[in-house]
Number of protein chains: 2
Amino acid sequence: MDIATKPRKEQIEDVATDLFKNKGYAATSMRDIAAAVGIEAASIYSHIHSKEQILTGICFRMARAFMQGIEKVMQTSAPTDEKFKLAVIRHVDVITSDIAASAVFWNEWRHLSEPMLTEFISLQRKYEQLFRSLIEQGVEEGIFEVSNISFVVMAMLSSLNGIQKWHSYTLPPEELNHAFANIFLKGLKK
Amino acid sequence: MDIATKPRKEQIEDVATDLFKNKGYAATSMRDIAAAVGIEAASIYSHIHSKEQILTGICFRMARAFMQGIEKVMQTSAPTDEKFKLAVIRHVDVITSDIAASAVFWNEWRHLSEPMLTEFISLQRKYEQLFRSLIEQGVEEGIFEVSNISFVVMAMLSSLNGIQKWHSYTLPPEELNHAFANIFLKGLKK
DNA sequence: TGTGCTTGCTAACAAACGTTAGGTTGTTTA
DNA sequence: TAAACAACCTAACGTTTGTTAGCAAGCACA
C-alpha cells in the first residue's frame, strides 16, 4: 500500500519508526514526527495516545513476529538441524521485512516503562530459551557439537540482530537468510 | 584506582558512561550525571565543556583502542589464521575491558555532531576494511573458504559487538575471547 | 437539516533541558 | 601576606519537551 493512502495512524507509526531508528526514541520529538507527516504536533493526539504508545506498539509487534516465527518452527516435525535452519531463516526474514522496526525493537526497548518493560524482557528471554533448547536437542542427538550452548546462542543472536545496523546489505534478503543459516549450521555440526 | 580517589573529571566521565549505557545519551541529563556524582549540574561545567564533549571522549577513546589493537596485529609476521585469531581476541578484550564505554561507543555515536561524526564513521569503515583484508588474504592463501567476505565480516563484527548487550557473561572474559576466536576460525577454515 | 465523528488547527501549560553568570570557600603558589 | 586558582554553590536564561484545551471545517448518516 502506498504510504500516502494509508490511514493517518499508520503513517504516523511508520514515520515515527523511521525517526526512532535514525535519531533514537529519546531524541525524536513529537514535533519531529508531526513535521515528517506534514501536520502539527498536537494533531498527532487525534490518532495516538502518547509517544510511548508508538514505541510500545512497535516493540511488541516485532516481539510477536519473532515469537510466532520460532513457535511455528518448533511445531514442525522436521529434523533438528532443519528446524534450526528454518528458525534462523525466519528470524532474518522478520528483520529484513521491516528493518526500521527491527532497529527500534532492538535498540529502543529500554525506554518502555513498567509493566511493559518487564513483559518485554521476559519475552526476549523466552525467545532465547527456545533457541537454546533447539541446540540442546541437537547436541543430545549427537548432530551438533557445542562447547557452551548459552555462549553460542548469544553470539548467534547478536550476529543476526546486528543486521539492522549494517549500513548496506552485503546480500539481498532472499540470500541473506540462507547465508546465515548455512554459516551457523557449519559452525554447529560435528 | 578507587573511583572515590579519582579526579572529579574522571569520576564524571565514568558516571556519565554508565548512564549513557543504561539510559542512552539523549535520555541522560546533566542533572542525572551530577546527582550520581553528588554535585549540582552547574558544577559539572567546572570540569567539562559540554555534554557532547563527554560523548566525544568516550567514542574516540574506544575507536583508538580498537584501531590500535588491529594495527598491532597487522604488523606482526604471524601466519594469517593466527593474525585473524589475535585480531578477534584483541577486539573482545577491548570490549570486556570497558563494557560500558563499549556500549556507548557502539550505540550512541550517532549523537556526535559534525565534523566528529564523519570522522568517526570513516574510522569505523577503516576498521572493517582491515578485517576484510585479513580474510581476503586467507582466501588468497587458500586457507580460508568464504562465500562472501563482506557478509562474513559484518556478521562477525555484529556478533562481537553484541557482547555489550548481553545481560550476563556466558563465559569469563579470559575465555570469551578465545571462544570467539575459535568459533569464527572454525567457520572460516577450509 | 441536524448530529456526531474525524481530523486538523492555534494557543498554551508545566516541566525539563543544556548552559551561563556570578559569587563563596578553601587551597596552592609567588 | 597577597594573588591565583580550583571546585563548588544558587539562581536564572532561553529553548524544547510531551501533552491538553478548545475550537473549526468537512463528512456521514438519521
Side-chain angles (χ1 to χ4, degrees), chain A residues 1-59 104 107-114 116-117, chain B residues 1-59 104 107-114 116-117:
Chain A
M1 197 194 277
D2 187 33
I3 189 164
T5 67
K6 276 190 181 176
R8 259 288 135 90
K9 185 173 178 182
E10 284 179 42
Q11 283 184 41
I12 292 168
E13 286 165 347
D14 288 355
V15 156
T17 303
D18 255 15
L19 287 168
F20 289 172
K21 184 203 164 174
N22 294 325
K23 309 182 55 170
Y25 175 77
T28 301
S29 72
M30 293 302 266
R31 285 163 181 85
D32 289 337
I33 300 170
V37 172
I39 59 179
E40 291 296 319
S43 306
I44 292 181
Y45 291 86
S46 298
H47 306 275
I48 257 158
H49 282 92
S50 68
K51 187 185 172 189
E52 201 186 330
Q53 192 203 36
I54 306 179
L55 181 65
T56 308
I58 299 167
C59 288
V104 174
N107 300 316
E108 310 298 331
W109 59 265
R110 60 180 160 191
H111 296 108
L112 293 171
S113 58
E114 297 295 355
M116 275 93 70
L117 181 62
Chain B
M1 197 193 276
D2 187 32
I3 188 164
T5 66
K6 275 190 181 177
R8 258 288 135 89
K9 187 173 176 181
E10 284 179 43
Q11 283 185 40
I12 292 168
E13 286 166 346
D14 287 356
V15 156
T17 303
D18 254 15
L19 286 167
F20 289 172
K21 184 202 166 177
N22 293 327
K23 308 182 55 171
Y25 174 77
T28 300
S29 72
M30 293 302 265
R31 286 166 181 84
D32 289 337
I33 299 170
V37 173
I39 59 178
E40 291 297 318
S43 305
I44 292 183
Y45 291 86
S46 298
H47 306 275
I48 257 158
H49 281 94
S50 67
K51 187 185 171 188
E52 200 185 330
Q53 192 203 38
I54 306 179
L55 180 65
T56 308
I58 299 166
C59 288
V104 174
N107 300 317
E108 308 299 330
W109 59 265
R110 59 179 160 192
H111 295 108
L112 294 170
S113 59
E114 298 293 356
M116 275 92 70
L117 181 62

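This structure is a prediction, so every number in the text was calculated from the model and none was measured. Reminder, nothing fancy here: chain letters follow the sequence lines and each chain counts from 1.
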message: Under 4.0 Å from OP1 or OP2 of D:dT17: is there any side-chain N or O of A:S29 that close?
response: yes

query: At what distance, to the nearest 0.5 angstrom, does CD1 of A:I12 lie from CG of A:L19?
result: 12.0 Å

- prompt: Out of C:dA21, D:dA7, C:dG8, which has the shortest distance to the side chain of B:A42?
  reply: C:dA21

- prompt: Starting at NE2 of A:H111 and ending at P of D:dG18, how long is that distance when rounded to a whole Å?
  reply: 12 Å

query: Between atom CD1 in A:I12 and atom P in C:dT6, what is the gap in whole Å?
result: 14 Å

message: Could you measure the distance from the CD1 atom of A:I33 to the CD atom of A:Q11? Nearest 0.5 Å is fine.
response: 13.5 Å

query: B:M30 side chain: which of D:dC9, C:dG18, C:dG8 is closest?
result: C:dG18

- request: Could you state the atom-to-atom distance from CD1 of B:I33 to P of C:dC17 in whole Å?
  value: 11 Å

message: With a 4.0 Å limit, can you tell me whether A:H47 has a side-chain N or O closer than that to the phosphate oxygens OP1/OP2 of C:dG8?
response: yes

field: Atom pair distance, as rounded to whole Å: CD1 in A:I44 and P in C:dG8
entry: 10 Å

- prompt: When you check the phosphate oxygens OP1 and OP2 of C:dG8, does a side-chain N or O of A:R8 lie under 4.0 Å from one of them?
  reply: yes

message: Testing the basics here: between B:E108 and B:G24, what is the closest heavy-atom pair and its distance to 0.1 Å?
response: OE2-CA, 3.5 Å

query: To the side chain of A:S46, which of C:dT10, C:dT7, D:dT10 is closest?
result: C:dT7

statement: Rounded to the nearest 0.5 angstrom, the CD-OH distance for B:Q53 and B:Y45 is 10.5 Å

- prompt: To the nearest angstrom, how far is B:I39 atom CD1 from D:dA6 atom C1'?
  reply: 13 Å

- prompt: Can you check the A:E40 CD to C:dC9 C1' distance for me, whole Å?
  reply: 7 Å

query: When rounded to the nearest 0.5 angstrom, what is the spacing between CE in A:M30 and OG in A:S50?
result: 7.0 Å

message: Using whole Å, what does the distance between atom P of nucleotide C:dT20 and atom OH of B:Y45 come to?
response: 7 Å

message: With a 4.0 Å cutoff (strictly under), does any side-chain N or O of A:S43 reach OP1 or OP2 of C:dC9?
response: yes

task: Could you check how far CD1 of B:I54 sits from P of C:dG18, rounded to whole Å?
output: 10 Å

- prompt: When you measure from the side chain of A:R31, which nucleotide among C:dT19, C:dT10, D:dT19 comes out closest?
  reply: D:dT19

